Amino acid sequence: MKKLLIFIALVFPLAICLSGCYPNKEMFEQENADRVAAKGVEMIQVWLDENMPDAKLEECTAFVSWTNYDGNRYLTDYASGTIRHNGKLKVFTIHTVTGAVYFETDADTKQKLNEIVEAYFDEALEAMGIIPESVDEGYAFQSYVMAPAKDGDSTTELPGVYSFDFGLPADVEDLNAFVRNPRSRLPIYISKPEITVADTTDLSLLDLALTETLEEEYGLHIGSVKIKNSDQFFQKNDVRNETRAELWEYGRWLKADGFELCGRAHERKEVRNVETNEVSVSDRKVDPETDLIFEQTDYGYKLSLSNKDLDDSLWIRAYEGAEILNYDFYCLDEKDYSPKNDPSEKGEKAVWQKQKDGSYVLTYSSDHSTLRLYDGDILVHSENKNKDKN
């Protein structure tokens, strides 16, 4: 059914990429890379003489960046290598136009940076009234200092690449002071696990302008953040050369005899093109009069959705005394149904589950997760009436 189709849709692009669809060509001449490397050697040695005279330069090569914009490799203005200092090797990167130097962080320093930046970001969210009740434990908070792909008088063009993670600027001594002084440092990229907030928090107040104002004030770039409550979902993320902010609001599509169809009833999407800085906005809301048909049939119910912008999936909530509660169902595609065949052959069994507020939600019998209905789905009466709904 549709679950299988969704899985295939997600896996197929990945399979193509893994099979070698990217050309991975070098879009530069080796002599230019050698020139960047030579400049890097000269500049880092000068920097070492002034700042770490007891350090020894081990190696230095031009830094080449791969980009998923076209799958090719491009020469940058950076040179990277290693130095030996106090018996230890340190990885450095230097910008051969501006002279900015970065050192790769070790695991402990990286973890400490993430902890400081996350606390700093949480304070920024709290200032907007976003107070997490819980955070998804499946992912870790990530952050890094955004070394610019193009800086100073650079003429380098890297399609779809705007920053790099080279570690910390060489002059950073106090991580906490560095993070909390946004006017004197580069922006810090962040990616935070999904946040759950109280249902009383109105996420519709969040939009692209507000999050970009927060970024400017706190010296951050929100690469990925997702915030949700029971009825709303907001996310801001980067997708190639776009910055997106999306709001989803869940609500009632249809109110019928003792039950209602619920789903994503409002979607606002804002997209900023990083290259042109232009913003496009779409704002869609469900219209029950034109966007769906949920009709009762001899075998049960049939769903048809005409709003292709919002028809992700719908679910059913029913209330005590509703006729629809008299049956459990099998859910299947209309094309798979025949009155001559047992619906259990191609359908998924759905049963009612009582909620804390006394209502009932139609769920999969296998794991009692909420049953999701898509365009063209039908509900076929189970042979046995649902007599005990408690």
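As the structure is a prediction and not an experimental result, all values here were calculated from the model.
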Review point. Would the number of heavy atoms belonging to other residues, nucleotides or ligands and lying under 6.0 Å from CD of Glu137 be above 12?
Key: no

Point to revise | Leu75 backbone acceptor or donor facing Asn32 side chain under 3.5 Å | key: no

Review point. Can we say Asp165 and Lys110 salt-bridge, meaning some charged N sits less than 4.0 Å from an Asp/Glu carboxylate O?
Key: yes

Check your understanding: With the 4.5 Å side-chain cut-off for hydrophobic clustering, are Leu57 and Phe103 part of the same group?
Key -> yes

Check your understanding: With a 4.5 Å heavy-atom cut-off, do Glu270 and Leu247 have their side chains touching?
Key -> no

Check your understanding: Is it true that Glu260 and Lys255 make a salt bridge, defined as a side-chain N closer than 4.0 Å to a carboxylate O?
Key -> no

Review point. Do NZ/NE/NH1/NH2 and the carboxylate oxygens of Arg284 and Asp291 come within less than 4.0 Å?
Key: no

Practice item. Please find out if less than 6.0 Å separates the ring center of Phe294 from that of Tyr301. Key: yes

Practice item. Side-chain contact test, heavy atoms from C-beta onward, threshold under 4.5 Å: evaluate it for Leu158 versus Thr76 and give yes or no. Key: yes

Exercise for review: Give a yes or no answer on whether the side chain of Tyr74 reaches the backbone of Thr156 with a donor-acceptor pair at less than 3.5 Å.
Suggested key: no

Exercise for review: Would you indicate whether Asp357, at its atom CG, is surrounded by more than 12 heavy atoms from other residues, nucleotides or ligands within a distance under 6.0 Å?
Suggested key: yes

Practice item. Look only at the side chain of Gln355 and the backbone of Gln353, and say whether a donor-acceptor pair between them is shorter than 3.5 Å. Key: yes

Review point. Under 3.5 Å, is there a donor-acceptor pair between the side chain of Asn72 and the main chain of Lys25?
Key: yes

Exercise for review: Verify side-chain hydrogen bond (donor to acceptor under 3.5 Å, both in side chains) between Ser224 and Asn237, making sure each step is shown before the conclusion.
Suggested key: CA-CA 4 Å; Ser224 176; Asn237 62 333; 5.9 Å; no

Review point. Of the non-hydrogen atoms in Leu325 and Tyr319, which two are nearest, and what is the gap between them?
Key: CD1-O, 3.3 Å

Check your understanding: If we ignore angles and hydrogens, is there a donor and acceptor under 3.5 Å between the side chains of Thr96 and Asp77?
Key -> no

Check your understanding: What distance do Met43 atom CE and Cys60 atom SG have between them, rounded to the nearest 0.5 Å?
Key -> 10.5 Å

Review point. Are Lys192 and Asp122 close enough for a salt bridge, meaning some N to O gap below 4.0 Å?
Key: yes

Practice item. Decide side-chain hydrogen bond (donor to acceptor under 3.5 Å, both in side chains) for Glu345 and Tyr330; before the verdict, give the C-alpha distance in whole Å, the side-chain angles of both, and the deciding distance to 0.1 Å. Key: CA-CA 10 Å; Glu345 294 179 3; Tyr330 287 100; over 6 Å; no

Review point. Tyr299 and His381: aromatic ring centres closer than 6.0 Å?
Key: no

Practice item. Count the heavy atoms of every other residue, nucleotide or ligand shown that sit under 6.0 Å from CG of Asp153, and state whether that count exceeds 12. Key: no

Exercise for review: For the pair Ser313 (side chain) and Tyr374 (backbone), establish whether a donor and an acceptor sit closer than 3.5 Å, ignoring hydrogens and angles.
Suggested key: no

Review point. For Glu323, does its backbone N or O pair with a side-chain atom of Asn326 as donor and acceptor, under 3.5 Å?
Key: yes

Check your understanding: Should side-chain heavy atoms under 4.5 Å link Ile, Leu, Val, Met, Phe, Trp and Tyr, which residues sit in the same cluster as Val279?
Key -> Leu208, Val281

Point to revise | Non-hydrogen side-chain atoms of Arg185 and Pro169 separated by less than 4.5 Å | key: no

Practice item. Using atom types as modelled and distance alone, determine if a side-chain donor or acceptor of Asn229 lies under 3.5 Å from a backbone N or O of Gln232. Key: yes

**Study point:** Nearest non-hydrogen partners of Trp66 and Val161, listed with the distance
**Key:** O-CG2, 4.4 Å

Practice item. Please report the closest heavy-atom contact between Met128 and Leu206, naming both atoms and the distance. Key: CE-CD2, 3.9 Å

Check your understanding: Under 3.5 Å, is there a donor-acceptor pair between the side chain of Arg268 and the main chain of Ala245?
Key -> no

Check your understanding: For Glu29, does the CD atom sit with more than 12 other heavy atoms under 6.0 Å from it, leaving out its own atoms?
Key -> no

Check your understanding: Is the Phe164 to Phe63 ring centre distance short of 6.0 Å?
Key -> yes

Review point. Which pair of heavy atoms, one from Ala62 and one from Ala37, lies closest together, and at what distance?
Key: N-CB, 3.7 Å

**Study point:** Spatial distance of atom CZ (Phe92) from atom NE2 (His85) [nearest 0.5 Å]
**Key:** 14.0 Å

Check your understanding: Which residue pairs satisfy the salt bridge (charged side-chain N to carboxylate O under 4.0 Å, His left out) criterion with at least one member in residues 224-237, sequence neighbours excluded?
Key -> Glu194-Lys228, Glu215-Lys236

Check your understanding: Should the heavy atoms of other residues, nucleotides or ligands under 6.0 Å from CG of Asp257 be counted, would the total exceed 12?
Key -> no

Exercise for review: Would you check if the side chain of Ser369 reaches a backbone N or O of Tyr364 as a donor-acceptor pair within less than 3.5 Å?
Suggested key: no

Revision key, fill the gap. Closest non-hydrogen atoms of Tyr102 and Gly167, given as atom of the first, atom of the second and distance, are CD2-O, 4.5 Å

Check your understanding: Between Tyr78 and Pro148, which heavy-atom pair has the shortest distance, and what is it?
Key -> OH-O, 2.6 Å

Practice item. Examine distances only and state if a side-chain atom of Asn181 and a backbone atom of Ala177 form a donor-acceptor pair shorter than 3.5 Å. Key: no

Exercise for review: Side-chain contact test, heavy atoms from C-beta onward, threshold under 4.5 Å: evaluate it for Leu373 versus Leu362 and give yes or no.
Suggested key: no

Review point. Going through the checks in order, is the side-chain hydrogen bond (donor to acceptor under 3.5 Å, both in side chains) test met by Thr109 and Asp106?
Key: CA-CA 5 Å; Thr109 303; Asp106 56 36; 2.8 Å; yes

